[in-house]
Amino acid sequence: MSFTIHVRMKKPGRQMSKTVSPTPFVLPKKPETLEELLLGLTELGVRDYNARKDEGQILPFLTKEEIADQAVKGKVSFGVRGGEDADGKAAAENTIQCFEDGIYRVFAGDKELTGLKDRIPWRDGLEFTLIRLTMLSG
């Protein structure tokens, strides 16, 4: 049985004020805690990354719609690359470490989930928002 969630991904800056459409993600099961949610999304990301890394076209092109969709997400690319597969275990460890270090925050609706063991407050139409924080230096 699979379970679909909707996630908005944002980062501070000019784009923060723009409305970002939620992206559907199909997880193998309904996550009960924030940690299960993050690890499920990470597993999907690794699987998608590895699956598409070698499927690039010789002469890729983007439609206007694809450019607009990618621009909303913050990066426009052909997706052509090669190299090593992403390591799922390392990605999962990185996901957890980044959350613990405050690199990003997670909201279920308008409720912030602050701990990995926080239970997800499921309700109809729940959308998640992940906000990547930008570190300042200097």
Side-chain angles (χ1 to χ4, degrees):
M1 182 175 103
S2 61
F3 188 78
T4 302
I5 63 168
H6 293 86
V7 179
R8 295 174 193 270
M9 293 175 266
K10 298 181 178 187
K11 62 183 178 181
R14 290 186 198 136
Q15 295 178 353
M16 188 72 163
S17 61
K18 295 180 183 174
T19 301
V20 178
S21 298
T23 302
F25 291 93
V26 180
L27 299 174
K29 66 177 188 133
K30 182 178 181 179
E32 295 300 325
T33 65
L34 175 58
E35 183 174 29
E36 289 176 12
L37 173 71
L38 295 176
L39 293 177
L41 289 172
T42 300
E43 182 180 329
L44 282 178
V46 167
R47 193 173 334 139
D48 288 349
Y49 180 87
N50 290 339
R52 73 174 186 264
K53 79 176 187 62
D54 293 323
E55 70 180 30
Q57 301 167 332
I58 293 174
L59 293 172
F61 64 92
L62 297 174
T63 65
K64 288 181 182 181
E65 293 79 19
E66 289 171 320
I67 292 171
D69 287 346
Q70 289 186 31
V72 168
K73 294 178 183 174
K75 179 181 178 184
V76 178
S77 70
F78 291 114
V80 178
R81 59 170 207 33
E84 300 295 318
D85 281 355
D87 178 349
K89 183 178 181 204
E93 290 171 0
N94 188 50
T95 294
I96 298 303
Q97 188 64 55
C98 287
F99 178 78
E100 290 174 340
D101 290 347
I103 303 297
Y104 62 93
R105 298 174 96 167
V106 180
F107 293 82
D110 53 3
K111 179 187 184 316
E112 183 175 8
L113 302 175
T114 58
L116 292 170
K117 301 302 179 195
D118 284 1
R119 300 212 42 92
I120 296 174
W122 289 109
R123 65 177 192 280
D124 286 342
L126 179 65
E127 290 181 354
F128 295 91
T129 303
L130 277 64
I131 302 175
R132 183 179 68 178
L133 303 176
T134 305
M135 297 296 134
L136 301 176
S137 64

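Since we're looking at a predicted model, the values are computed, not measured.
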Quick one: [atom1] on [X] to [atom2] on [Y], what's the gap to the nearest 0.5 Å?
{"X": "Leu37", "Y": "Lys30", "atom1": "CG", "atom2": "NZ", "answer": "12.0 Å"}
{"X": "Ser21", "Y": "Glu127", "atom1": "OG", "atom2": "CD", "answer": "9.0 Å"}
{"X": "Ile131", "Y": "Ile103", "atom1": "CD1", "atom2": "CD1", "answer": "14.0 Å"}

Of all the heavy-atom pairs spanning [X] and [Y], show the shortest one and how long it is.
{"X": "Gly109", "Y": "Arg123", "value": "CA-NH2, 3.8 Å"}
{"X": "Tyr49", "Y": "Glu84", "value": "CE2-O, 4.4 Å"}
{"X": "Met9", "Y": "Phe25", "value": "CE-CZ, 3.7 Å"}
{"X": "Ala108", "Y": "Leu113", "value": "CB-CD1, 4.0 Å"}
{"X": "Val7", "Y": "Ile5", "value": "CG2-CD1, 3.7 Å"}
{"X": "Ala86", "Y": "Val46", "value": "O-CG1, 3.9 Å"}

Side chain to side chain contact (heavy atoms under 4.5 Å, CB included) involving [X] - partner list, sequence neighbours excluded:
{"X": "Thr4", "answer": "His6, Pro24, Val26"}
{"X": "Leu39", "answer": "Glu35, Ala92, Ile96"}
{"X": "Asn94", "answer": "Cys98"}
{"X": "Thr95", "answer": "Leu38, Thr42, Tyr104"}

Start with the C-alpha distance between Leu34 and Phe99, add both sets of side-chain angles, then the distance that settles side-chain contact (heavy atoms from CB on, under 4.5 Å), and finish with yes or no. CA-CA 10 Å; Leu34 175 58; Phe99 178 78; 3.4 Å; yes
May I have the step-by-step check of side-chain contact (heavy atoms from CB on, under 4.5 Å) for Val106 and Thr129, ending in yes or no? CA-CA 6 Å; Val106 180; Thr129 303; over 6 Å; no
Sequence neighbours excluded, the answer for side-chain hydrogen bond (donor to acceptor under 3.5 Å, both in side chains) partners of Glu100 is none
Please identify each residue that fulfils ring pair (Phe, Tyr, Trp, His ring centres under 6.0 Å) with Phe3, with sequence neighbours left out. Trp122
Can a donor-acceptor pair be found, under 3.5 Å and without considering hydrogens, that links the side chain of Asn50 to the backbone of Arg47? no
Quick one: does Gln97's side chain have a donor or acceptor within less than 3.5 Å of a partner on Glu93's backbone? no
Report yes if some heavy atom in the side chain of Ile120 is under 4.5 Å from a heavy atom in the side chain of Thr33; otherwise report no. no
Any chance you could lay out the side-chain contact (heavy atoms from CB on, under 4.5 Å) test for Glu36 and Lys29, step after step, and finish with the verdict? CA-CA 9 Å; Glu36 289 176 12; Lys29 66 177 188 133; 4.0 Å; yes
side-chain contact (heavy atoms from CB on, under 4.5 Å) evaluation trace for Leu133 with Arg105: CA-CA 8 Å; Leu133 303 176; Arg105 298 174 96 167; 3.8 Å; yes
